[in-house]
Amino acid sequence: MSVTGDSERDEALELQRYEQERQERIRRRNRVSGRVVMVIMALALTLLAYDSVTAGLQARRAGRAWTYPTVLALGCALAVIALIALVSRAARRPR
């Protein structure tokens, strides 16, 4: 094999290795950003559930309709549970 053929093959292997490393960095960055988004969503849903429970309790004490805030809080709590299940399932999945 000629020197030119060896250098071209080495260059192709180097480019392939570089592309694999680049794809791995992209996958790692996507995993981290996905985790950050999940945490932010869980915190926002928890805050909304807390606020809805508080509004429901205040409405009940005042004699107003309290079912809407209570149902909203329940929905938020279920969404947080579903989010936790998704995160734990993704953590157990082999990479």
Give a yes or no on whether Gln23 atom CD has more than 12 heavy-atom contacts from other residues, nucleotides or ligands under 6.0 Å away. yes
Nearest-0.5 Å distance that lies between atom CG in Leu57 and atom CZ in Arg60: 8.5 Å
Of Gln16, Glu21, Arg17, Arg22, the residue whose pairing with Glu19 passes side-chain contact (heavy atoms from CB on, under 4.5 Å): Arg22
Cys76 SG to Ile81 CD1 distance, which is reported to the nearest 0.5 Å: 11.5 Å
Mind checking the CE-CG spacing from Met38 to Leu86? Nearest 0.5 Å is all I need. 5.5 Å
Looking at Ala49 and Ala77, what are the two nearest heavy atoms and their distance? CB-N, 4.5 Å
Should we count CZ of Arg89 as having more than 12 external heavy atoms under 6.0 Å? no
Gap between atom CG of Asp10 and atom CD of Glu8 - 0.5 Å precision: 10.5 Å
Where is the tightest heavy-atom contact between Gly56 and Trp66, given as atom of each residue plus distance? O-CB, 3.4 Å
Contacts of Arg64 that satisfy salt bridge (Lys or Arg N to Asp or Glu O under 4.0 Å) - sequence neighbours left out: none
Using the rule that two of Ile, Leu, Val, Met, Phe, Trp, Tyr join whenever any of their side-chain heavy atoms come within less than 4.5 Å, decide whether Leu45 and Leu78 are in one cluster. no
To the closest 0.5 Å, what do you measure between CG (Asp51) and OG1 (Thr46)? 12.5 Å
In the single-linkage hydrophobic clustering (I, L, V, M, F, W, Y; side-chain heavy atoms under 4.5 Å), do Val37 and Leu83 co-cluster? yes
Can you give me the closest heavy-atom contact between Val80 and Ala42, atom names plus distance? CG2-O, 4.0 Å
Supply the atom-to-atom distance Leu48 CG to Leu43 CG, rounded to the nearest 0.5 angstrom. 12.5 Å
